[in-house]
Structure formats: C-alpha cells, structure tokens
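Taking it in order: structure first as structure tokens, then the write-up.
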Amino acid sequence: MTKFADLNLNPKVLKAIEEAGYESPTPIQEGAIPAALEGRDVLGIAQTGTGKTASFTLPMITRLARGRARARMPRSLVLCPTRELAAQVAENFDTYAKHVKLTKALLIGGVSFKEQDAAIDRGVDVLIATPGRLLDHFERGKLLLTGIEIMVVDEADRMLDMGFIPDIERIFSLTPFTRQTLFFSATMAPEIERITNTFLSAPERVEIARQATTSENIEQAVVLFKASRKDREATEKRRVLRALIDQEGESVQNAVIFCNRKMDVDIVAKSLKKYGYDAAPIHGDLDQSQRTKTLDGFRDGALKILVASDVAARGLDVPSVSHVFNFDVPGHAEDYVHRIGRTGRAGRDGKAITICSTRDEKLLEAVESLVQKEITRLENPVKVEPRKPRKTAADTDAPKEEKRTRSRKTADKPEKKTEEKVEAAANTNTSTQTEQKPQRGRGGKGRNDRRDDKVVVGMGDHLPSFIALSFAERRAG
DNA sequence: AAAAAAC
C-alpha cells in the first residue's frame, strides 16, 4: 500500500501529515498528488469526504515551498463556491504548511476589505477566495493575477449551479496560460466538460467512483405528513419534527436539520429554541461572523442541532453527525444525497429522517429513483388530535401576525430584514404555541362559550377569504 | 418553490 512517504512530498509537509495522524493517502490523493507534483494539470472527479482538499494542498505546499511571493502578486489561487468552504481550505493549508514558511490570504465576502488588502499588499503565496470577492479586489486594482503559478477550482459543479462559471472563465483569462491548473468536480456536466477542454491542458484525469447511491450505514426513513388544515401546516410540521427528535431520544448526539428555504431555517431554529432544544440556524443571509460562530460551535460540540439551508448540504466539513432531518424534501434529488451524506461518515452509523408533505410526494419519488431504493415509511409520531372547536382566539390572531410579517417584509430596511423576519416568526410561534394549550377564558368569551360558534370573536364570520389561505396560496393566487 | 455569491 502506498504511503505518503512514497509520494515525493516536502519532508516538512510529511512531518505535518504525520502529526495530523495520517499515514496513507486516499485514492484521490494517491491519484492526484504525483501528477500535481510533476506540474501537470489535474482533473479530479470526486466528492467531498474523499480527501479531495489535501489532494491539492499537499502538492501545492510542496511546490510553493521554494520561492517567495511579491507584493500584490499571489503565486497561487484556490477558488471555492462558498465562504465556509474557502475557510476550510485555508485551515487545511494551516495544518499542512505549519513547518513551511508560506503566506496566505482568505478573500471572502461579508468581512472587511482592510485586512484582506493588507495581506495582499504584503504578498501572498496562496490566495483562497470566493469568486465575487476576488473579482471585487481585482477591479479595485489591488490585485495582479499575472503571477499565478497554480490555480485550483474546487467543487466546479457547484460553481456551475450557482452561476459562477462566467466569473471562473474571467478569472482563468486573467491568469497566465502557463499556470498549472487543478480542477475538481463531483460530476462532469457538459458545461464543466467544456471548461476543462478550454482551460486544462492534457490533464491527468483522476476519477473516484461516485457514491451513486447513499452509503449503506445510513438508515433512511420518511414520514408522510398531511396537515389537518392548510393554514396549520407549518405549525404541525414543526411539531412532527420535534416528535421525531424526541423519538430518537438519546441517540441524537448531534444533528443537522435541512430546510429548503432560508426563512424556514430561521423559523424552525427559533421554534426549536423556544421549545428548549439546543439549536441554531445557518444560511446565507446571516452575517458572516454569525455563520462562523455557529459552525464552530457545532464542530466543537457546543451546539447540538444545526438548522441549515443547502449552504451546509455540500462540502461543509462537519464531523460525523448522528442524525440528519430533512424538514423538507429537497427540490433537487441530488441534494438529498449530499444532505444525508452529513451523517454515517467514516464508517459510523447514521440516521436520516425526512418529512414529506403531501405536495412534496413527487420530489420524494425523484429521490427514491435516484438512490434506487424505497425509503422506509415511518408512522407520523404525532397522534391525530381529537377534533377542536372550529374557531379559537389563536385562529384569528395567527393570520394577523402573518399579515404583519408580510407588510414589514416590504419595508425598505434591507439590513434589518432578516432580524425582523425572525422576530415576526417568533410572534407567530407564540400564538401557535397558545393554540395547542387549553385556552384560558377571556371575559366570558372563553373556549367553551365558543364551541357552539355563536360568539363573535375578532373578525367573527367576516373573515376576508385570503386570510384563510396559506402564504404560498396567497402568493400564487 | 430555492440557495449561494460582491458592494
């Protein structure tokens, strides 16, 4: 079996690898490192979790260990689709370059330019960046890409999904064509194929068998969920989620809960917190310091439940998670594979439970045909409640709160939008919660009096018809 | 129907 020691890496890099506790390269590393060390282009087809990052950082450090960077002329460039991924790559450089003198800068959005500018001015060997911020620096004339010796494109298929390909092409065109290019993608979509044909020359192609289906040690289940009433769908769905978490009990060491929308990420996280769960949200509308803080807390075990958008579905290096819950069935079946791949890593067992609303059954079919198996149906852990009186105070309250959320959303205060949404969502929750508890009588117009539907409360029978509709329906109609 | 990424 090949050892790192057989790979011609810089002895100082080997020492750091050893200290990190590694001895043998993964298949992608074994395939990519020798070619990269020879200065050849590499086309790596592999997913996260295969050791992809080290397959380019190790040879890069070895090659960059000689020579020094000049001001504003970085010697190498790594492009990543998300800020978190870029930060992870930077950490990887720190780990393996700790015995080598190497300077680096992390150029990502959401943080101030000042420190980034200063680092570039000093001169860096490695620039790790998301495309938007990199081009921003370039356009300010702060950066020259003509000194790039090695360029890495990480997670190219995700860049494609996110519409970054024009940016990537532009960045390629700003670097010398003599550069070495290391290009990584999980799939080879036609557009990716085109890019590699244009910008790579005689690459060493290293392909790691794709996890076409999901790993065997992940137990998968789905709960088919139907709301008792349209306007209570969101509330009841959150309730199903809590019941599922409770049902798993102690076996939930840590979990990621995925939602399809950022707003739901906020609402679900807020709601879980309210009910005493240790949960925090992460998505692209939260500011960067918050994102970093939350993710760090989750990594070191201080936070138990991460409620996430698909920002966390791919590429995020979250240590093995015991559970993944899909609050929504993902809109793209492939994302299902990425999401549940957050659990069952490194041979450990994991469990993935998906909540599927009636309207998402088509999406579930798509998922099942992709993973090529039928996902075990789980009984809805929330028992059907005895029929409730048709109208309660909460029923008239809740839509009012929603209405407020909506009008606030249109206010021109973009910087506070997210915060207000959460706040409004929390208000919605409050009324929701009340809804499930027995109502206290209120000036003789208590619950019992209303059972016969005789007493007029709030708007009484004169409910504008749109109020009874869900948000989605209002928007659609 | 969405998320991500620049200010």
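The model shown is predicted, which means the values in this text are computed figures rather than measured ones. Residue numbers begin at 1 in each chain, while the letters A, B, ... track the order of the sequences.
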(request) Indicate yes or no: at least one non-hydrogen side-chain atom of A/Asp285 is less than 4.5 angstrom from one of A/Asp266. (result) no

Picking from [options], which would you name as closest to the side chain of [X]?
X        : options             : answer
A/Asp360 : B/dA5, B/dA6, B/dA1 : B/dA1
A/Thr130 : B/dA4, B/dA1, B/dA6 : B/dA6
A/Arg83  : B/dA4, B/dA3, B/dA6 : B/dA6

(message) Has A/Ser55 got a side-chain atom pairing as donor or acceptor with A/Ile28's backbone, closer than 3.5 angstrom?
(response)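 No: the side chain of A/Ser55 does not pair with the backbone of A/Ile28.
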
Counting any heavy atom closer than 4.0 Å, what does [X] reach on the DNA or RNA strands: base, sugar-phosphate only, or nothing?
X        : result
A/Pro81  : sugar-phosphate
A/Leu160 : nothing
A/Gly110 : sugar-phosphate
A/Gly284 : sugar-phosphate

[atom1] of [X] versus [atom2] of [N]: gap in Å, rounded?
X        : N     : atom1 : atom2 : answer
A/Gln288 : B/dA4 : CD    : C1'   : 12 Å
A/Asp167 : B/dA6 : CG    : C1'   : 9 Å
A/Leu295 : B/dA4 : CG    : P     : 13 Å
A/Leu106 : B/dA5 : CG    : P     : 13 Å
A/Asp136 : B/dA6 : CG    : P     : 9 Å
A/Met162 : B/dA5 : CE    : P     : 5 Å
A/Met159 : B/dA6 : CE    : C1'   : 15 Å
A/Ile171 : B/dA5 : CD1   : P     : 15 Å

(request) Examine B/dA5: is either OP1 or OP2 under 4.0 Å from a nitrogen or oxygen in the side chain of A/Arg291? Give yes or no. (result) yes

(message) With a cut-off of less than 4.0 Å, is there a side-chain N or O of A/Ser309 near OP1 or OP2 of B/dA2?
(response)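 No.
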
(request) List for me each residue that meets ring-ring contact (aromatic ring centres under 6.0 Å, His included) alongside A/Phe225, sequence neighbours excluded, and say none if there are none. (result) none

(message) Does the Lys NZ or Arg CZ of A/Arg242 fall within the cation-pi geometry relative to A/Tyr277 - under 6.0 Å from the ring centre and within 45° of the axis?
(response) no

(message) Check for me whether A/Arg194 meets the cation-pi criterion with A/Phe199, that is, NZ or CZ under 6.0 Å from the six-membered ring centre and within 45 degrees of the ring axis.
(response) no

